[in-house]
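Below: one structure, written as structure tokens.
All values below were derived from every heavy atom in this structure, side-chain atoms included, with hydrogens, water molecules and symmetry-related copies excluded. Since this is a predicted model, take the numbers as computed values, not measurements. Position 1 is the first residue of the sequence; numbering continues from there. In listed order, ligands and their atoms are each counted from 1.
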Amino acid sequence: MIIILFGAPGVGKGTQATILAEKLNVAHLSTGDAFRSAIKRSTPVGQLAKGFVDAGALVPDDVVAKIVEEAMSADSFANGAILDGFPRTQGQADALNVLLQAKGLTIGKVVNIDVDNAAIAERLLLRGREDDTREVIDFRLSVYQKETEPLLQFYREMDKLVTVDGMGTVEEVNQRIIEAL
Ligand code: ADP
């Protein structure tokens, strides 16, 4: 079964995905981590992605598809996975549906982690990753609102969407996610 962790940059998708993958004993795919690793190793995909990641822009869908297909062809994905940071566009969501159908997998739930924008900016500034400067954060939030947030309606219509409050401790939020699943 596939679980999608959804939400704006900085809501805690990565932290929660890591914990859930361990608890449920399934694979974890973070497209952000996959890009950062590819960039570090300067692979062809890394070279294509670097400028977009540095600027806080979305990596083009065809490049995202490459990294997702590669990751999902691993044996560890046969039982399903936690997806963190993917899909982020309607094109990616459509591509995911096609890919899952081919693999005989289905989406269990899309968990929308809800945190208000002021708290998000504060968390990201504290995290201090290279793309966590005030300007790039504001841009990533605007990209999220424009390109990614509309997917909430798409998954609501597919009857997959659950929303959990992302404020509180890591363990509190994790408990809420587990209850929602
Ligand atoms: P955050 O959730 O804080 O934005 P991520 O690690 O998920 O951090 O993503 C970092 C960057 O990687 C994004 O700003 C974007 O450039 C790129 N990226 C990650 N996932 C995707 C995706 N599904 N589609 C396009 N770009 C992506």
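Ligand 1 has a nitrogen or oxygen under 3.5 angstrom from a nitrogen or oxygen of R36. Considering both main-chain and side-chain atoms, V59 comes within under 3.5 Å of ligand 1 through a nitrogen or oxygen pair. For D131, no nitrogen or oxygen atom sits less than 3.5 Å from a nitrogen or oxygen atom of ligand 1, counting backbone and side chain alike.
Taking atom 11 (C) of ligand 1 as the reference point, the nearest protein heavy-atom neighbour is V53 CG1, 4.1 Å.
Linking Ile, Leu, Val, Met, Phe, Trp and Tyr residues whenever their side-chain heavy atoms come within less than 4.5 Å places V45 and L99 in a single cluster. Hydrophobic clustering (side-chain heavy atoms under 4.5 Å, transitive across Ile, Leu, Val, Met, Phe, Trp, Tyr) keeps V115 apart from V143. Linking ILVMFWY side-chain heavy atoms closer than 4.5 Å, directly or via other members, places F86 and F6 in a single hydrophobic cluster.
Evaluation of the side-chain contact (heavy atoms from CB on, under 4.5 Å) rule for D138 yields R134 as partners, not counting sequence neighbours.
Near A57, meaning under 4.0 Å from any of its heavy atoms, are these atoms of ligand 1: 15 (C), 16 (O). The atoms of ligand 1 that sit less than 4.0 Å from any heavy atom of L58 are 25 (C), 26 (N). Distances below 4.0 Å separate heavy atoms of R127 from the following atoms of ligand 1: 3 (O). The contact set between ligand 1 and T31, taken as ligand atoms under 4.0 Å from a residue heavy atom, comprises 19 (C), 20 (N), 21 (C), 23 (N).
Ion pairing between K23 and E171 holds under the 4.0 Å rule for side-chain N and carboxylate O.
Under 3.5 Å, the side chains of Q175 and E179 contain no donor-acceptor pair of N or O atoms. Between Q101 and N97, the side chains place no donor N or O within less than 3.5 Å of an acceptor N or O (distance only, hydrogens not considered).
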(message) Is there a salt bridge (charged side-chain N to carboxylate O under 4.0 Å, His left out) between K66 and D62? Walk through the geometry before answering.
(response) CA-CA 7 Å; K66 280 195 187 116; D62 57 329; 5.3 Å; no
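Contact annotation: for R129 versus ligand 1, heavy atoms closer than 4.0 Å belong to the side chain alone. For E147, no heavy-atom contact with ligand 1 is shorter than 4.0 Å.
Across the listed options Q92, R140, K13, R88, R88 owns the non-hydrogen atom lying nearest to atom 5 (P) of ligand 1. Here the shortest heavy-atom distance to atom 18 (N) of ligand 1, taken over F52, F35, F86, Y144, belongs to F35. The residue among P87, G85, G51 with a heavy atom at the shortest distance from atom 23 (N) of ligand 1 is G85.
For the side chain to side chain contact (heavy atoms under 4.5 Å, CB included) with I4, the qualifying choice from D84, I82, L96 is L96, the only one to do so.
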